[in-house]
Amino acid sequence: MRRSSTRKTGSAEKVNASSGSSDLFRSATSKAVSKELERIDHLFQAYADGSSGMIDPEGIESFCSDVEVDHTDVRILMLAWKMKAEKQGYFTLEEWRRGLKALRADSVSKIKKALPELVKEVTRPSNFSDFYSYAFRYCLTEDKQKCIDIESACELLDLVLGFQFRPQVNKLIEYLKYQHDYKVINLDQWMSFLRFCNEINFPSLDNYDSNLAWPLILDNFVEWMHGVQS
């Protein structure tokens, strides 16, 4: 009976020791997370406008200068996507925290180191469609705006699709600037450009079928391409 009692006491001591170690680990982790968030917030304040409480376009330019990336670079748009930023040219504290915590970056040097991995993450097929859609919605700067003008669409295509599909994007931009039927581009048309680049052989276009569910703007583009090639 005594042996049994000893075993039980020993087991209880082990459980208590294990529980104590677990509590210490949780406490240390909690403190580390708290310190990380403190540094993230401190970095936000370095760029935020005092009156609005947000990082505005001027603050973003200052941030871009520190991370040595041009403010028109696609990586800044990728960072906005990671933050789920809602308003073009502005980052709120909540958005800033969300993005930097996900990147595990609480300093300028860590953000710079995180950017290559962010590019890899965005360009994965499972993520790129969401990023591409986000890029369009991010450009809708007015209330109830559903379209972007042709010039803006061309600039955005060049930025977000050009590094993956340069030949297609060059021709698509050339066509959009040449044609006069469309003054604006909507989200459905925008998403169809990505599908076109992913699915259609280029420049032969030999697997394009206008009887399938392609928007008219792409039917016209393909017709224009055939005319250019002949």
In the structure I gave you, are the side-chain heavy atoms of D73 and L159 within less than 4.5 Å of one another anywhere? no

Is any side-chain N of the basic residue among K171 and E174 closer than 4.0 Å to the acidic one's carboxylate O? yes

Taking C-beta and beyond as the side chain, do I217 and I185 meet within less than 4.5 Å on heavy atoms? yes

With heavy-atom distances below 4.5 Å as the criterion, would you say the side chains of I148 and N186 are in contact? no

Is any side-chain heavy atom of L187 less than 4.5 Å from a side-chain heavy atom of S133? yes

Would you say D66 and I111 make side-chain contact, with heavy atoms under 4.5 Å? no

Is there a path from L100 to L37 through hydrophobic residues (I, L, V, M, F, W, Y) whose side chains come within less than 4.5 Å of each other? no

Going through the checks in order, is the ring pair (Phe, Tyr, Trp, His ring centres under 6.0 Å) test met by F221 and F196? CA-CA 11 Å; F221 169 64; F196 178 90; 5.7 Å; yes

Checking R137 against W190: charged group under 6.0 Å from the ring centre and within 45 degrees of the axis? no

Do NZ/NE/NH1/NH2 and the carboxylate oxygens of E68 and K112 come within less than 4.0 Å? yes

Does Q229 use its side chain to pair, donor to acceptor, with the backbone of P203 at less than 3.5 Å? yes

Checking F202 against F165 for the side-chain contact (heavy atoms from CB on, under 4.5 Å) test, could you report, in this order, the C-alpha distance in whole Å, the side-chain angles of both residues, the deciding distance, and whether it holds? CA-CA 10 Å; F202 195 88; F165 301 101; over 6 Å; no

Pick from D206, N207, N201: which one makes a side-chain hydrogen bond (donor to acceptor under 3.5 Å, both in side chains) with S204? D206

Backbone N or O of D106 within a donor-acceptor pair of the R39 side chain at under 3.5 Å? no

Co-members of the apolar cluster containing Y90 [side chain, <4.5 Å]: M54

With side chains defined as the heavy atoms from C-beta onward, is the minimum distance between D49 and E58 less than 4.5 Å? no

Would K120 and E117 pass as an ion pair if we require N to O under 4.0 Å? yes

Going by side-chain hydrogen bond (donor to acceptor under 3.5 Å, both in side chains), name the pairs with one or both residues in residues 139-167, residues two or more places apart or in two chains. D149-S152, D158-R166, R166-N170

Inter- and intrachain pairs under ring-ring contact (aromatic ring centres under 6.0 Å, His included), touching residues 138-157, at least two apart: Y134-Y138

Working to the nearest 0.5 angstrom, can you tell me the gap between E121 CD and N127 CG? 5.5 Å

Parallel, tilted or perpendicular: ring planes of F63 versus W96, cut at 30 and 60 degrees: perpendicular

